[in-house]
Amino acid sequence: GEFVVLVGRSGSGKSTLLNLIGGLDRPSTGDVLIAGQSLGALDQEGLSRLRRREIGYVFQFFNLIPTLTVAENLLLPLELIGVDGGPARERADGWLARVGLDGRGDDYPDELSGGEQQRVALARALVHEPGLLLADEPTGNLDLGTAREVLRLLDDLCRQAGTTLVMWLGELITQRGVGNGISLLI
């Protein structure tokens, strides 16, 4: 998949563009196509089905469900697409291993560091194997060193899975050279 980073000043429309691509907002003119489907032609139920199967999301504030274990946070998107039982648990455990959190599935989010929580959020966004991953400033809550680590992991995971990544990063991160080898859309 491709790796696209959106950069621009505050208020320039980066989050709006991600919301349009993800079907969270509708354009006033034009159309957005995801996996060959026009988002404008889908009703809310159709949009929900498309998002569940084709799109993963990573947010700045992790958005993990605090009353669920790490594993349960990964199992939830699988349940929504009809994958459950042993196959779901194997997939969740596999993704935890890929993000370096093997054996942490029974922990709760508040027992993890910020960087670990963001790695769980990455695994949750990719566990259902979407074709597109949208990330809205996924390193905004992390120190620079952890942010670089998370971005390298995100790049590796998306390349391995063949997932296209579209994200926006804060100016500090992009100014510090994290974007090396990454396509920039300004």
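Computed from a predicted structure; not experimentally measured.
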Can you tell me how far the [atom1] atom of [X] sits from the [atom2] atom of [Y], to the nearest 0.5 Å?
X    : Y    : atom1 : atom2 : value
Q37  : D31  : CD    : CG    : 11.0 Å
F3   : T163 : CZ    : OG1   : 12.0 Å
R104 : L112 : CZ    : CG    : 5.0 Å
T164 : R159 : OG1   : CZ    : 10.5 Å
N73  : T67  : CG    : OG1   : 8.0 Å
L122 : L153 : CG    : CG    : 5.5 Å

Please report the shortest heavy-atom distance between [X] and [Y], naming the atom on each side.
X    : Y   : result
D106 : T69 : O-CG2, 3.8 Å
L68  : E72 : CA-OE1, 3.3 Å
P109 : P66 : CD-O, 3.9 Å
I65  : L76 : CD1-CD2, 3.6 Å
A92  : L75 : CB-CD2, 3.9 Å
I34  : E54 : CG2-CB, 4.5 Å

Student check: side-chain heavy atoms of [X] and [Y] closer than 4.5 Å:
X    : Y    : result
L18  : L6   : yes
L133 : C158 : yes
R119 : E149 : yes
L47  : R26  : yes
V70  : L96  : yes
W95  : L157 : yes

When you measure from the side chain of [X] to the backbone N and O of [Y], does any donor-acceptor pair fall under 3.5 Å?
X    : Y    : result
N19  : L24  : no
R98  : A123 : no
R124 : N63  : yes
R51  : G23  : yes
R91  : L74  : no

query = So if you build clusters from Ile, Leu, Val, Met, Phe, Trp, Tyr with side-chain heavy-atom gaps below 4.5 Å, do Y108 and L64 land together?
reply =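 In one cluster with Y108: L64, no.
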
ask   = When you check the gap from the basic side-chain N to the acidic O, do D93 and R89 get nearer than 4.0 Å?
value =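 Salt bridge between D93 and R89, a charged N being under 4.0 Å from a carboxylate O: yes.
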
task = Decide side chain to side chain contact (heavy atoms under 4.5 Å, CB included) for L17 and V166; before the verdict, give the C-alpha distance in whole Å, the side-chain angles of both, and the deciding distance to 0.1 Å.
result = CA-CA 10 Å; L17 179 58; V166 178; 6.0 Å; no

inquiry  = Run V58 and M167 through side chain to side chain contact (heavy atoms under 4.5 Å, CB included) and show every step you take.
reply    = CA-CA 9 Å; V58 180; M167 73 173 161; over 6 Å; no

ask   = Considering residues, nucleotides and ligands other than E79, do more than 12 of their heavy atoms fall under 6.0 Å from its CD?
value =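 Result for CD/E79: open.
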
